[in-house]
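Worksheet: the structure to be examined is printed underneath.
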There are 2 protein chains.
Amino acid sequence: MKDVVSRCPIEETMRVLSGRWPTLLLYYLKDGTKRFSDLRRDNPTVSHRILALELRKLEDAGIVRRTARPGYPLRVDYDLTPPGSRLVPLIDALGAWWMDTDDDRTGRSPTSDVNLDTAA
Amino acid sequence: MKDVVSRCPIEETMRVLSGRWPTLLLYYLKDGTKRFSDLRRDNPTVSHRILALELRKLEDAGIVRRTARPGYPLRVDYDLTPPGSRLVPLIDALGAWWMDTDDDRTGRSPTSDVNLDTAA
DNA sequence: TCCTGGTTACAGAATTGTGCGTAATTTACA
DNA sequence: TGTAAATTACGCACAATTCTGTAACCAGGA
């Protein structure tokens with residue numbers, strides 16, 4: 001994150017998706033709107049702080065939309081933007097690739113019936 | 001990298017592709033076999049140590065094949081394995097997604113003529 | 001007082017870069 | 001002909017940088 005705009009779209013995309021949480025959050029947001037605390041429950045190993053940071057990063061990248069409803073207790077909704085939704089199948093494809101590769105590693109026959117719906 | 005096998009193929013894939021270099025290296029290896037020094041030339045900002053580590057990571061993941069030819073000066077060839085080659089279009093799709101998203105951001109019309117051949 | 005979403009301060013962990021060493025052959029040069 | 005230096009792909013130790021986690025704190029209504 002030191003210098004420049006890399007001009008390479010792949011690099012830019014990976015700058016956002018790199019790390020453990022972004023794709024996981026996308027995965028959980030596929031189902032629809034979630035609140036901050038929902039996402040914490042969905043995966044208990046993210047720290048409070050990191051979740052806030054990651055969500056902000058995704059928001060800045062235009063992948064996630066943040067909607068704060070006025071009033072207390074605070075309520076903030078997160079959901080995917082249209083670009084974010086378009087990203088989901090690509091990420092699923094990566095999961096499918098992994099399973100395909102796994103077949104390679106375990107020396108199984110070259111299965112072609114990979115389901116793109118890669119569950120958790 | 002602390003604990004477990006996550007059982008989630010997306011997470012596993014991202015564990016390999018996360019970071020600045022993996023996708024870039026894939027990009028440069030698309031063209032065919034490269035030597036260590038070629039890859040350093042291709043992008044001068046990787047330190048030799050990191051390049052070695054990243055290449056080993058990709059090798060362990062079955063994405064890149066390392067071929068050391070005996071004799072001195074050492075000569076080592078790197079190229080994509082079949083799974084690695086299968087990964088390339090997916091990564092290109094991420095680049096295409098970024099450019100599409102860029103259209104969103106800059107408020108342009110929803111162009112459909114995104115070229116998958118995302119150059120450096 | 002608790003709840004929710006978030007920020008800040010500080011600490012510890014992880015990742016990355018720097019520079020040096022190494023192998024056996026070729027080339028450089030007197 | 002002898003010798004010194006360059007070459008290639010790293011490994012290693014150590015320093016610098018970055019990332020992540022913990023804990024405390026804030027807001028204001030129930």
Side-chain angles (χ1 to χ4, degrees), chain A residues 1-6 11-12 14-25 28-29 32-61 63-80, chain B residues 1-6 11-12 14-25 28-29 32-61 63-80:
Chain A
M1 223 179 261
K2 56 180 66 151
D3 32 26
V4 283
V5 243
S6 70
E11 219 177 319
E12 291 300 325
M14 290 312 292
R15 197 197 301 285
V16 178
L17 295 186
S18 274
R20 187 173 173 188
W21 308 120
T23 50
L24 265 193
L25 294 180
Y28 286 119
L29 286 172
T33 300
K34 297 264 182 141
R35 304 230 318 265
F36 188 85
S37 48
D38 291 330
L39 291 168
R40 288 218 66 186
R41 255 186 302 278
D42 281 338
N43 105 21
T45 59
V46 220
S47 72
H48 191 80
R49 196 175 84 92
I50 295 299
L51 180 56
L53 290 176
E54 293 290 334
L55 283 172
R56 172 173 295 278
K57 196 174 71 171
L58 292 176
E59 191 195 352
D60 291 346
I63 292 173
V64 157
R65 183 179 46 171
R66 198 187 97 108
T67 313
R69 282 180 289 170
Y72 291 83
L74 254 42
R75 260 146 218 291
V76 180
D77 290 331
Y78 290 95
D79 59 355
L80 296 180
Chain B
M1 221 178 262
K2 56 181 64 150
D3 32 27
V4 283
V5 242
S6 69
E11 219 176 321
E12 290 301 323
M14 290 313 292
R15 198 197 300 285
V16 178
L17 295 185
S18 274
R20 187 175 175 186
W21 307 119
T23 50
L24 265 192
L25 295 180
Y28 286 118
L29 286 172
T33 299
K34 297 265 181 139
R35 304 229 318 266
F36 189 84
S37 49
D38 291 329
L39 290 168
R40 287 217 67 187
R41 255 187 301 281
D42 281 337
N43 100 17
T45 58
V46 221
S47 70
H48 70 261
R49 196 175 87 90
I50 295 302
L51 180 56
L53 290 176
E54 294 291 333
L55 283 171
R56 173 172 294 278
K57 195 175 71 173
L58 292 175
E59 190 194 355
D60 291 346
I63 292 173
V64 156
R65 182 179 47 173
R66 199 187 98 109
T67 315
R69 283 181 287 172
Y72 288 81
L74 253 41
R75 260 146 220 289
V76 181
D77 289 331
Y78 291 95
D79 60 354
L80 296 181

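Per chain, numbering begins at 1; letters A, B, ... match sequence-line order.
- Of all heavy-atom pairs between L17(B) and M14(A), the closest is O-CE, 3.3 Å.
- Nearest heavy atom pair, residue P22(B) against residue K57(B), reads CG-NZ, 4.0 Å.
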Detail all sub-3.5 Å separations between protein N/O atoms and N/O atoms belonging to nucleotides 18-20 of chain C.
unit_1	atom_1	unit_2	atom_2	d
dT18(C)	O4	R49(B)	NE	3.4
dG19(C)	O6	H48(B)	NE2	3.2

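- At a threshold of 4.0 angstrom between heavy atoms, the contacts of R69(B) with the nucleic acid are absent.
- For the pair F36(B) and W21(A), both in contact range of DNA chain D, the more 5′-proximal nearest nucleotide belongs to F36(B).
- Between the CG atom of L29(A) and the CG atom of L39(A) there is a distance of 5.0 Å, given to the nearest 0.5 Å.
- OP1 or OP2 of dC10(D) has at least one side-chain nitrogen or oxygen of Y78(B) nearer than 4.0 Å.
- Using a cut-off of 4.0 Å between Lys/Arg side-chain N and Asp/Glu carboxylate O, R35(A) and D38(A) are scored as not salt-bridged.
- In R65(A), the CZ atom is not crowded: 12 or fewer heavy atoms of neighbouring residues, nucleotides or ligands sit closer than 6.0 Å.
- In this structure, of dT8(D), dG29(D), dG5(C), it is dG5(C) that holds the atom nearest to the side chain of R35(A).
- R56(B) comes within contact range of the sugar-phosphate backbone alone, with a heavy-atom separation under 4.0 Å but no base atom that close.
- Distances shorter than 4.0 Å separate some side-chain N or O of R66(B) from OP1 or OP2 on dC10(D).
- Look at S37(B) and you won't find any side-chain N or O under 4.0 angstrom from OP1 or OP2 of dT7(D).
- Both A52(A) and V46(B) lie near DNA chain C, and the one whose nearest nucleotide falls closer to the 5' end is A52(A).
- Here L51(B) contributes atom CG and N43(B) contributes atom CG; the two are 8.0 Å apart, rounded to the nearest 0.5 Å.
- In this structure, the CG atom of L53(A) is 10 Å from the C1' atom of dC19(D), given to the nearest Å.
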